[in-house]
Every structure is written in C-alpha cells, then in structure tokens.
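Here the structure comes first, spelled out in structure tokens, and everything after it is commentary.
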Amino acid sequence: MNQLEKVRFAPSPTGHLHIGGARTALFNYLEAKNKGGTFLLRIEDTDAARSTKESEDVIIEDLRWLGIDWNEGIEVGGDFGPYRCTERPDIYKKYLNDLLEEGKAYKCYCTAEETEAERESQRAKGEMPRYSGKCSNLTKEEIDAYEAEGREHTIRFRVPTDKDIVINDEVRGEVIFESNGVGDFIIAKADGTPVYNFAVAVDDHLMEVTTIIRGEEHLSNTPRQVLIYEAFGWETPKFAHVSLILGEDRSKMSKRHGSTHVDQYRNKGYLPEAIINFLALLGWSPEGEEEIFSLKELEEMFTLDRVSKNPAVFDIKKLNWINGQYIRASDLDYITKLSIPYLLEAGLINDQDVENRYDWIKLIVSATRGNLDYLSQITDHVGIFFNDEVEFEDDKARKVIDLNQEHVPLVLKSFKEKVEEADKIDLDFAKTVFKKVQKDTGVKGKNLFMTVRVALTGQCQGPEMPDIIQILGKEGIIKRIDTAINK
RNA sequence: GGCCCGUUGGUCAAGUGGUUAAGACACCGCCCUUUCACGGCGGCUUCAGGGGUUCGAACCCCCUACGGGUCACCA
C-alpha cells in the first residue's frame with residue numbers, strides 16, 4: 001500500500017487556475033495514472049486573507065472541465081483528510097509544539113516591522129536579506145519580558161548550520177543547497193497559523209505523498225521543506241520540479257502576455273482535449289513523432305524522465321493548430337453544442353432555433369468548422385447565413401455580379417428557377433443544380449460559380465457552395481437572388 | 001547581490017561520445033479545391049561563446065555571457 005505512487009496538486013485558492021497550474025495538475029494526474037497510483041487534491045488555503053471559496057470553486061471547476069480527476073481529497077474524500085489547511089489547525093499546532101519542545105524551533109518576538117526594517121538595511125548594504133537570529137536564544141527573562149509586554153510571537157525554524165541539503169530531483173538531478181544560505185524561517189505566523197512551507201511538509205507527509213511534482217518556482221523552497229522533514233525524522237518524498245511556462249518575451253507568463261487562465265481559453269472556445277494535448281507537449285515530449293494525443297493515450301505514455309529541464313515559451317499558434325485539429329476531428333454534435341452559445345450570444349439564433357432548427361445549425365457548424373482556431377470565431381464566418389440583405393464585401397465582389405455582364409442575369413434567373421422548381425433543397429439538389437444551370441445557360445466555370453456565390457453571400461470566398469445552398473434553403477436563396485437582380 | 005535552475009532553428013522539441021542533428025507549429029512555395037479554409041507535397045532556418053578531455057563532442061569538465069527562479073507573518 002505504502003509503496004504505491006501518490007502525487008498531489010495543492011493549489012492555493014487565490015485566483016483562477018493558471019495555465020501553468022493546469023499543467024502541473026496534468027503532470028501529477030498523468031504520473032498517478034501511469035503508475036496506477038493516487039492523485040490527491042488538497043487546497044492550500046493557509047493564507048486566509050487571500051483565499052476565497054469562489055476561487056476554490058473555480059479551480060475545481062476548471063480541473064473537472066479539463067478532465068483532470070482526482071481520487072482523493074477535496075470533494076471526493078479519503079483517509080487522510082481534512083483536505084483544506086484551514087481545517088487542520090490542531091494538526092499543525094501539535095507538530096509546531098513538538099518542534100518547539102525539542103528546541104528545533106523557537107518563538108520570535110520581532111514584529112513584522114522590525115524584520116522588514118532589518119531586511120531593508122541588509123538590502124541597502126548589498127547583503128542577502130536574512131533573519132539575524134535575534135530571538136534564537138532568548139533567556140527565560142527576556143521571553144517573560146516580551147510576554148509581559150503583550151508582544152505576539154511567530155515561530156521560527158532553527159536552521160542547522162554548515163549542512164548540505166541534497167535534493168534528488170526527478171527532472172533536475174541532484175541539487176544541493178547549503179543550510180547557511182537559509183535563514184531561520186517563520187513556520188507559524190503571529191496568529192498561530194502555519195506558513196506554507198510548514199503546512200505543505202506536514203500535509204504531504206501525513207497524507208503519504210510520495211512524489212511532489214510542482215513548478216520550478218518552488219525549487220528554492222524545497223530545502224526548507226526538507227529541513228522540516230528531517231527535523232521530524234520523516235522520510236523525504238521524491239521531488240520533480242517542472243520548469244516554468246514563459247511568455248513570448250521569455251519572462252514568466254503573466255497577464256500582459258495575453259490569456260493566462262484556463263477559463264479564458266474555455267470562454268474563447270478552446271476544447272479541453274486540445275488544452276490538455278497542448279499542455280502535455282509543453283515541457284514533456286512523447287517518444288514517437290505523433291503529436292495529437294487523447295488524455296487516455298497520455299496516461300499510458302507519460303513518464304517524468306521525459307520532462308524537460310528548460311522553460312518553454314507558450315506558443316498560442318501551436319495551441320490554435322491543435323485546437324483546430326480537435327474542432328475538425330471531433331464529433332459534429334459535440335462541436336455544434338459547444339458552438340451554440342457563441343451563436344446565441346451574438347444574437348444570431350435564439351433558444352427556439354436551437355430547439356427547432358438544430359439540424360440547420362449543425363449544417364452551419366459543419367460548413368464553417370474548417371476555418372476555426374477556436375469556437376468563438378464561428379461568429380465571424382456565419383454572418384452570410386443570417387443576413388437576408390446581401391452586403392457586398394468589396395468592389396471586387398460587386399463587379400462579379402454586375403448585371404451588365406451578359407452571363408450574370410442569365411445564371412441568376414436559371415438558378416432561381418431551378419430552386420423554385422425543386423421540392424427539396426437537399427444535398428442531392430445542391431450538388432446537381434450547377435450542372436443543370438450550365439446546361440440551360442451555357443455558362444460555366446468561374447462565371448457560373450462565382451456569380452451564384454456572390455449573389456448569395458456577397459463574398460468571393462466562403463464555405464462550399466453545396467453547404468451554402470442547403471443552409472440558405474429555398475426562401476433564402478430566392479430572396480437573395482431577387483435583391484441581386486434588382487440592384 | 002547571494003543561492004539555485006536553464007541555454008539545440010522564430011516557437012515546442014528528439015537526441016545521453018561517431019546521426020545526412022528527428023518530428024511538430026509558424027513562415028515561404030507548389031498541388032488539391034472553379035472561392036477561403038482544410039488537406040497533401042516540398043523548402044527555409046538550429047547545437048549561446050570560449051577553453052579543455054577524447055581518435056572523435058550537441059552530448060563529459062571548466063569559464064564567460066545571456067535568460068529565469070528564489071530570498072515574505074504569499075503560495
């Protein structure tokens with residue numbers, strides 16, 4: 001039981017799920033799945049001031065939307081709960097006390113202002129800001145004096161001197177830190193609540209996490225956590241620090257690089273499958289040459305040893321390509337259902353349409369999905385189907401159906417006739433009508449197709465003609481040709 | 001600034017001492033399509049720099065440069 005792989009994702013609920021966080025969650029999930037282990041979701045809400053329930057809900061929703069499920073933790077339960085830091089105060093208190101009693105931690109009566117001032121002056125002198133250790137050896141009298149004053153205290157971890165802290169990182173190899181470079185750090189705030197570095201170590205140990213996969217920004221925190229493990233005599237877990245996701249300018253991805261939150265991509269109409277696929281390829285690479293993978297396939301292929309050490313630039317163009325692949329290859333009903341909200345929002349269709357003309361909407365999606373990077377773009381391509389008053393895109397289009405050209409009225413009249421005569425405007429009709437018109441009028445080629453295209457859509461480019469014809473239907477076509485002729 | 005991590009084409013990257021240095025996105029060209037897109041084919045461009053080690057270095061070692069992370073009573 002114990003030797004089974006157990007990983008965890010422990011977001012702090014202080015905002016939306018970041019694209020980098022999503023990737024961390026993904027890697028954890030994949031590692032667990034690949035090894036047949038456990039994936040645990042814990043909420044790291046030690047910072048009460050910044051944590052919100054809304055944020056927790058959003059993060060969970062995004063994870064679920066992506067298809068990243070966990071089998072222990074928040075919402076699903078397990079034997080090692082509770083899974084929110086704020087619900088574990090007694091646990092932390094106990095371990096804090098143990099450390100205090102053994103002298104491995106001590107009470108520090110310095111105020112936040114004092115330590116801040118100390119740091120400032122160190123920085124000014126070009127020194128590394130680090131706690132001086134002022135309270136590390138207070139006498140009983142000094143402590144009593146502070147207490148009498150009513151001073152609050154934090155708890156600091158007593159960092160051993162001259163000690164190498166060796167971290168065996170699954171992706172980076174051996175990383176060594178010197179304990180002398182780590183000042184006595186705070187493990188409990190003045191209000192008695194634990195600080196992140198302490199809480200994670202305790203939680204990860206108690207929850208029997210075997211491998212900690214997280215972002216590289218945590219690498220320099222790791223020695224502190226290792227120190228805590230060692231102070232308790234606990235076995236340290238394995239670590240795997242995944243490099244960061246960068247913006248185009250190679251700095252850490254942030255708002256100014258564009259969308260950074262999973263829900264922003266969801267809102268634009270990126271498919272969860274595509275985001276998963278893209279994220280997996282960012283910092284990890286499969287063995288073959290294939291690039292399109294389902295979650296299931298990734299679960300089978302993923303191993304930590306193929307995670308790359310170097311940071312990756314977020315390339316929206318590649319995401320777009322992957323997303324386009326999924327938009328084209330996925331089941332049409334699925335894509336249609338996901339597209340409908342954008343059509344509704346644009347006021348192009350209403351709820352009745354969705355109910356009564358679903359197949360028609362499906363046709364529209366089918367005709368345009370080939371052009372899309374993401375679903376919300378569909379509204380840019382479907383205008384021609386919703387505007388009975390054909391508007392000419394440009395002079396070029398206008399020229400195409402200039403009535404003074406002999407073939408234009410000829411083609412239009414014949415085409416309209418055929419449409420009027422047809423009892424059903426279906427795919428069969430749409431495919432054969434041009435041949436008939438050609439026979440009737442003797443017009444062929446561009447003069448035939450472009451004339452009809454522009455008359456119906458006002459544009460020189462767009463979906464396939466058979467699609468357009470079916471979507472417009474008898475009435476729509478006749479109306480458009482009439483206005484074209486009368487112009 | 002200290003500590004730590006990193007550096008293969010514009011981007012993601014394979015590669016672990018001997019390779020014509022994969023593949024994908026992007027870009028360019030051609031084809032398909034009587035339109036656009038999709039799709040197909042082809043092309044362009046890479047081992048940060050300098051020293052070693054070695055018969056031989058993208059791969060091993062050192063230095064430099066550059067980029068990033070972290071040094072909170074944030075996580």
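Each chain gets a letter, A, B and so on, in the order the sequences are listed, and its residues count up from 1. It should be emphasised that the depicted structure is a prediction, and the values quoted were computed from it without experimental measurement. Atoms considered below: every heavy atom in the structure, side chains included; atoms not considered: hydrogens, waters and symmetry mates.
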Would you jot down, in residue-number order, the residues of residues 371-382 of chain A having a non-hydrogen atom under 4.0 Å from RNA chain B? A:N371

Pull out every residue in residues 319-336 of chain A that has a heavy atom closer than 4.0 Å to any atom of RNA chain B, ordered by number, or say none. A:W321, A:Q325, A:R328

A:E174 or A:L448, whichever maps to the more 5' nucleotide of RNA chain B: A:E174

Find which nucleotide of RNA chain B each of A:G462 and A:S285 is nearest to by heavy atoms, and output the residue with the more 5' nucleotide. A:S285

Parallel, tilted or perpendicular: rings of A:F39 and A:Y29 (30°, 60°): perpendicular

Plane angle bin for A:F314 and A:Y265 - parallel if under 30°, tilted between 30 and 60°, otherwise perpendicular: tilted

Sole residue of A:T211, A:D204, A:D203, A:N28 in side-chain hydrogen bond (donor to acceptor under 3.5 Å, both in side chains) with A:R8: A:D204

Report yes if at least one side-chain N or O of [X] is closer than 4.0 Å to OP1 or OP2 of [N]; otherwise report no.
X      : N     : answer
A:R119 : B:C73 : yes
A:R306 : B:G15 : yes
A:K189 : B:C74 : yes
A:R151 : B:C73 : no

Ignoring hydrogens and angles, state whether a donor on the side chain of [X] or [Y] is under 3.5 Å from an acceptor on the partner side chain.
X      : Y      : result
A:Y270 : A:D373 : no
A:Y342 : A:Q377 : no
A:Y196 : A:D47  : no

For [X], which contact category applies under a 4.0 Å heavy-atom criterion: base, sugar-phosphate, or nothing?
X      : value
A:E464 : base
A:F449 : base
A:K309 : sugar-phosphate
A:T46  : sugar-phosphate
A:R453 : base

Taking the same atom, P, in B:G1 and in B:G18, what whole-Å distance lies between them? 39 Å

Show me the dot-bracket string of RNA chain B, counting Watson-Crick or G-U pairs under 3.5 Å, with | for pairs to another strand and [ ] for crossing ones. ((((((((.[[[..)..(....]]].(((((.......)))))....[[[[[..)....]]]]])))))))....

Choose from [options] the nucleotide whose nearest atom is closest to any side-chain atom of [X].
X      : options             : result
A:S308 : B:A13, B:C73, B:G69 : B:A13
A:V313 : B:C71, B:C5, B:C12  : B:C12
A:L219 : B:C4, B:G10, B:A13  : B:C4

Check whether the ring centres of A:F302 and A:F27 lie less than 6.0 Å apart, and answer yes or no. yes

State whether the distance check finds a donor on one side and an acceptor on the other, under 3.5 Å, for side chain A:N310 versus base B:A13. no

Before accepting this row, confirm whether a basic side-chain N of the pair [X]/[Y] lies closer than 4.0 Å to the acidic partner's carboxylate O.
X      : Y      : answer
A:R398 : A:D402 : no
A:K318 : A:E291 : yes
A:R151 : A:E114 : yes

Would you kindly give the [atom1]-to-[atom2] distance between [X] and [N], to the nearest whole Å?
X      : N     : atom1 : atom2 : answer
A:M465 : B:U33 : CE    : C1'   : 14 Å
A:L246 : B:G10 : CG    : C1'   : 15 Å
A:I167 : B:C3  : CD1   : P     : 16 Å

Taken to the nearest 0.5 Å, the spacing of A:R84 CZ from A:L41 CG works out to 9.5 Å

N/O donor-acceptor pair under 3.5 Å between A:R23 side chain and A:L279 backbone: no

